[in-house]
Amino acid sequence: MEAVFKMGASRIASAVNAGELSAKEVVTAYLERIAELNGKLNAYLHVNSTGARRAASSVDDLVVRGEKLNLAGVPVAVKDVISVRGLPITCGSRVLRGYVAPYDATVVNRLKRAGAIVLGTTNTDEFAMGSSTENSAYGASRNPWAEDRVPGGSSGGSAVAVSGGMATAALGTDTGGSVRLPACFTGLFGLKPSYGALSRYGLVSYANSLEQVGVFARSVDDLALVYSAMLGADPKDGTTTNFSWSIRDALSRGVEGLRLGVVVEMSGEGIHEAVSSALSTTCKELERNGVSVGEASIKHMGYSLEAYYLIAMSEASSNLARFDGVRYGEHPAFEGDWNEEYSRVRSLFGLEVKRRIILGAFALSAGYQEMYYGRASRFRTLLIHEFREAFKQFDVLIAPTSPTPPFRFGEKTQDPLTMYLSDVDTVPVNLAGLPALNVPVGTFTTDGTTLPLGVQLIAPYGRDDLLFTVASQLERSGLSSARVVEPWGRIV
Amino acid sequence: MVEENLDYLKVIELARQLRVGVTEEEAKIIAKDLSKVLEYVRRLGELDLEGYEPTYSVTPAKSVLRDDVAEENLPVEEVFVNAVGEKGFIKAPKI
């Protein structure tokens with residue numbers, strides 16, 4: 001039998017449901033693998049050994065009683081900004097040290113009900129603010145592909161867990177690219193759903209109008225299986241919506257006749273040649289399968305990053321006001337008055353978080369609000385309009401996920417603007433609330449180091465199914481695949 | 001957009017209002033970065049956004065109401081695990 005850590009979610013679930021493999025065996029194999037690799041890769045901040053074993057026993061009991069579960073025994077990792085009852089949740093921050101989530105996020109609850117097992121919580125840039133995990137208060141995660149390269153962020157821990165074979169699938173969050181970028185940098189499928197497709201109940205808010213829970217997996221089938229288990233409106237999150245499509249149908253539908261638009265504003269200047277080449281290979285492959293390919297223009301896309309950071313920082317400034325130390329995390333010393341005590345607790349935020357809270361407060365302050373936050377919000381309407389126009393001519397858009405292959409540790413930490421530019425191709429999607437998917441497409445070798453490449457597919461609002469149809473074709477035709485990678489760079 | 005620099009003193013004042021403790025060193029770094037970031041985002045001022053209403057959420061903003069039926073909620077003792085509590089109250093710093 002294939003090593004358990006290399007199996008896909010559907011394989012594990014069918015083996016567990018058939019009684020060929022127990023959930024307990026799966027969990028034991030994964031915990032061993034985590035014990036072996038996590039010291040090197042720093043993917044998990046907290047490993048749920050006892051809880052995972054207990055959950056595995058319950059799944060095995062249900063299976064013995066004849067229940068069939070879609071995710072029976074499937075081990076998943078959860079980004080440390082999503083609540084898992086009984087597990088610590090720190091958001092990669094010192095401010096929340098000691099906080100234990102008293103309830104499950106809706107997405108976690110739904111995964112558990114489908115038989116999935118939470119192996120632990122994974123590393124993230126502090127409060128999901130970053131593109132490399134270098135802003136985590138608990139050290140950066142390492143990219144199994146290359147020791148000196150970042151895994152991307154902010155959901156870098158989840159990406160490394162799946163890429164390194166320490167989880168079959170994982171949850172991340174994508175506010176401005178935080179699932180797609182790490183998926184791209186570690187060679188995985190990474191989905192950012194339409195805004196409102198998944199519940200945010202139990203997710204610690206950073207920029208609530210932009211962020212969505214997303215999924216990492218090593219195959220389109222696995223991605224579909226995990227995503228389907230979480231879909232559906234949630235009474236606890238008023239922004240959630242039901243969609244009418246079925247992902248199963250989407251996977252079996254052909255791509256013939258689909259119209260694909262290459263976003264010209266994202267595909268020209270400043271794009272690494274290996275990324276451009278991956279993009280054109282992907283287009284050619286789809287053309288061979290009956291897709292018509294043309295050029296799409298989102299004329300004002302070049303202003304997205306400015307608008308994104310203004311909105312994200314403004315929302316962060318408001319959302320992070322709740323961390324006062326009274327209800328969660330580090331507590332006040334009860335020595336000074338509330339001004340002193342709150343300031344002391346909140347001095348534990350890292351530099352990037354402080355920077356965003358302060359700039360956000362400035363962008364929202366009297367006299368400047370219309371100029372900064374207001375203009376950014378108006379730009380958002382313009383961008384949505386331009387996307388809608390493009391989708392009159394095309395069914396799906398395609399663009400690089402990142403302008404470059406994974407960068408080195410320390411390369412972008414000195415200047416915040418340089419780091420923000422890593423998200424230049426991903427943020428427009430969040431501003432418009434669209435669904436998008438990173439698809440791994442080949443590799444690139446430089447100085448003896450092989451690095452993964454990826455492109456992103458973007459669909460109209462509420463048409464996440466189209467992403468699955470196209471990605472599934474790319475996987476079937478052999479262009480796109482994701483494998484477990486041993487540190488540093490051995491593909492197994 | 002205005003020619004406005006977020007200088008050191010402004011950062012200190014904002015941090016005070018936000019109750020975020022910053023060291024002198026941090027305030028200096030943030031002041032430098034903030035003026036750079038503000039200069040960058042000022043580019044949005046070039047755009048003619050006349051006629052575009054602001055988007056605050058991509059989903060329709062509507063109130064979602066449920067029936068007024070009592071539901072089971074989180075047990076108080078479990079929520080209290082995360083706070084400093086005394087006799088059923090959460091303890092906060094003095095005002």
Side-chain angles (χ1 to χ4, degrees), chain A residues 98-100 102-103 195-196 209 235 238-239 241 300 303 306-307 309-310 317 321 324 326-329 331-332 334 336-344 346-347 349 351 354-355 357-359 361-362 365 368 371-372 374-382 384-385 415-417 420 432-433 461, chain B residues 1-2 4 6 10-11 14-23 26-27 29-31 33-34 36-66 73-75 78-84 90-95:
Chain A
Y99 174 56
V100 175
Y103 61 94
Y195 186 85
S209 85
T239 62
T241 315
H300 293 99
Y303 293 88
E306 290 89 326
Y309 275 97
L310 282 170
S317 181
D324 52 21
V326 171
R327 289 156 297 169
Y328 4 65
H331 293 305
F334 299 106
D337 69 12
W338 71 282
N339 282 320
E340 291 156 9
E341 294 289 351
Y342 285 2
S343 300
R344 191 194 61 79
R346 292 159 65 76
S347 73
F349 284 130
L351 185 63
K354 288 180 182 176
R355 186 187 281 137
I357 292 177
I358 291 173
L359 180 59
F362 179 76
S365 59
Y368 296 107
M371 204 173 298
Y372 291 115
R375 281 195 78 84
S377 303
R378 285 175 200 280
F379 169 75
R380 209 170 166 182
T381 312
L382 168 67
I384 291 170
H385 172 76
D415 175 17
L417 276 180
Y420 298 169
Y461 179 77
Chain B
M1 294 194 184
V2 292
E4 186 79 32
L6 256 189
K10 209 168 266 163
V11 168
L14 281 166
R16 193 193 63 78
Q17 289 170 1
L18 290 159
R19 314 286 184 264
V20 173
V22 289
T23 62
E26 282 175 329
I29 297 173
I30 292 173
D33 292 341
L34 291 193
K36 233 191 313 189
V37 172
L38 281 184
E39 194 180 306
Y40 177 69
V41 298
R42 229 168 256 147
R43 224 165 59 86
L44 266 181
E46 298 166 6
L47 284 178
D48 178 12
L49 294 169
E50 195 62 44
Y52 290 97
E53 289 299 314
T55 295
Y56 301 120
S57 169
V58 297
T59 47
K62 55 177 184 337
S63 294
V64 181
L65 302 175
R66 64 170 174 84
N73 229 314
L74 294 175
E78 283 182 35
V79 178
F80 264 60
V81 167
N82 286 299
V84 181
I90 287 177
K91 191 176 170 187
K94 63 179 180 220
I95 304 285

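Protein chains get the first letters and strands the later ones, always in sequence-line order, with residue 1 at the start of each.
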query: If you look at every heavy atom in B:L49 and A:R375, which pair is closest and at what distance?
result: CD1-O, 3.5 Å

- line: Rounded to the nearest 0.5 angstrom, the CG-OH distance for A:L310 and B:Y40 is 10.5 Å

task: Please look at B:I29 and chain A and tell me whether the side chain, the backbone, both or neither of the residue comes under 4.5 angstrom of a heavy atom of that chain.
output: side chain

message: On a heavy-atom basis, which atom in B:V20 and which in A:K354 lie closest, and how many Å separate them?
response: CG1-CG, 3.7 Å

message: Between A:P235 and chain B, with a heavy-atom cut-off of 4.5 Å, which part of the residue counts as in contact: side chain, backbone, both or neither?
response: neither

- line: chain B shares the most heavy-atom pairs under 4.5 Å, among A:P416, A:S317, A:S347, A:S377, with A:S377

- prompt: Tell me, side chain or backbone of B:L74 under 4.5 Å from chain A's heavy atoms, or both, or neither?
  reply: side chain

- request: Among B:P54, B:A83, B:G51, single out the residue with the greatest number of heavy-atom pairs under 4.5 Å to chain A.
  value: B:P54

- request: Enter the distance from A:S343:OG to B:Q17:CD here, rounded to the nearest 0.5 Å.
  value: 11.5 Å

- prompt: Closest heavy-atom contact between A:V326 and B:P93?
  reply: CG2-CD, 3.8 Å

message: Could you check whether A:D324 pairs with B:R19 (Lys NZ or Arg NE/NH1/NH2 to Asp/Glu carboxylate O, under 4.0 Å)?
response: no

message: Please check this pair: side chain of A:R346 against backbone of B:G21, looking for a donor-acceptor N/O pair closer than 3.5 Å.
response: no

message: Can you give me the closest heavy-atom contact between B:A92 and A:F334, atom names plus distance?
response: C-CE2, 3.6 Å

Closest non-hydrogen atom pair, B:L14 against A:A361: CD2-CB, 4.3 Å

task: Begin from the C-alpha positions of A:Y328 and B:V79 and carry the test side-chain contact (heavy atoms from CB on, under 4.5 Å) through to its verdict.
output: CA-CA 9 Å; A:Y328 4 65; B:V79 178; over 6 Å; no

- prompt: Is A:R355 salt-bridged to B:D33, going by a charged N under 4.0 Å from an acidic O?
  reply: yes

query: Once you round to the nearest 0.5 Å, how far does CG of B:L18 lie from OH of A:Y342?
result: 14.5 Å

- prompt: Does the side chain of A:F362 reach to within under 4.5 Å of the side chain of B:V11, using non-hydrogen atoms?
  reply: no

- request: Quick one: closest heavy-atom pair of A:H331 and B:N82, and the distance?
  value: CE1-O, 3.0 Å

query: Between B:E78 and A:Y103, is any side-chain donor less than 3.5 angstrom from a side-chain acceptor?
result: no

Side chains of A:Y303 and B:E46 in contact at under 4.5 Å (non-hydrogen atoms): yes

message: With a 4.5 angstrom heavy-atom cut-off, is it the side chain or the backbone of A:A321 that approaches chain B, or both, or neither?
response: neither

- prompt: Quick one: CD on A:E340 to NZ on B:K94, what's the gap to the nearest 0.5 Å?
  reply: 8.0 Å

query: Do the non-hydrogen side-chain atoms of B:L44 and A:Y372 ever get within less than 4.5 Å of each other?
result: no

task: Please state whether the side chain, the backbone, both or neither of A:L382 comes within less than 4.5 Å of a heavy atom of chain B.
output: both

query: Given A:R378 and B:L47, is the side-chain contact (heavy atoms from CB on, under 4.5 Å) satisfied, shown in steps?
result: CA-CA 10 Å; A:R378 285 175 200 280; B:L47 284 178; over 6 Å; no

message: As an exercise, state the distance from NE2 of A:H385 to OH of B:Y52, rounded to the nearest 0.5 Å.
response: 5.0 Å

Which portion of B:V84 sits near chain A, non-hydrogen atoms under 4.5 angstrom: both

statement: Among A:L351, A:D415, A:I357, A:N339, the residue with the most heavy-atom pairs under 4.5 Å to chain B is A:N339

statement: To the nearest 0.5 Å, atom CG of A:L417 lies from atom CD of B:E39 at 9.5 Å

message: Using side-chain contact (heavy atoms from CB on, under 4.5 Å), reason through B:V37 and A:Y309 one step at a time and then give a plain yes or no.
response: CA-CA 9 Å; B:V37 172; A:Y309 275 97; 5.7 Å; no

field: Side-chain (A:T381) to main-chain (B:T55) donor-acceptor, under 3.5 angstrom
entry: yes

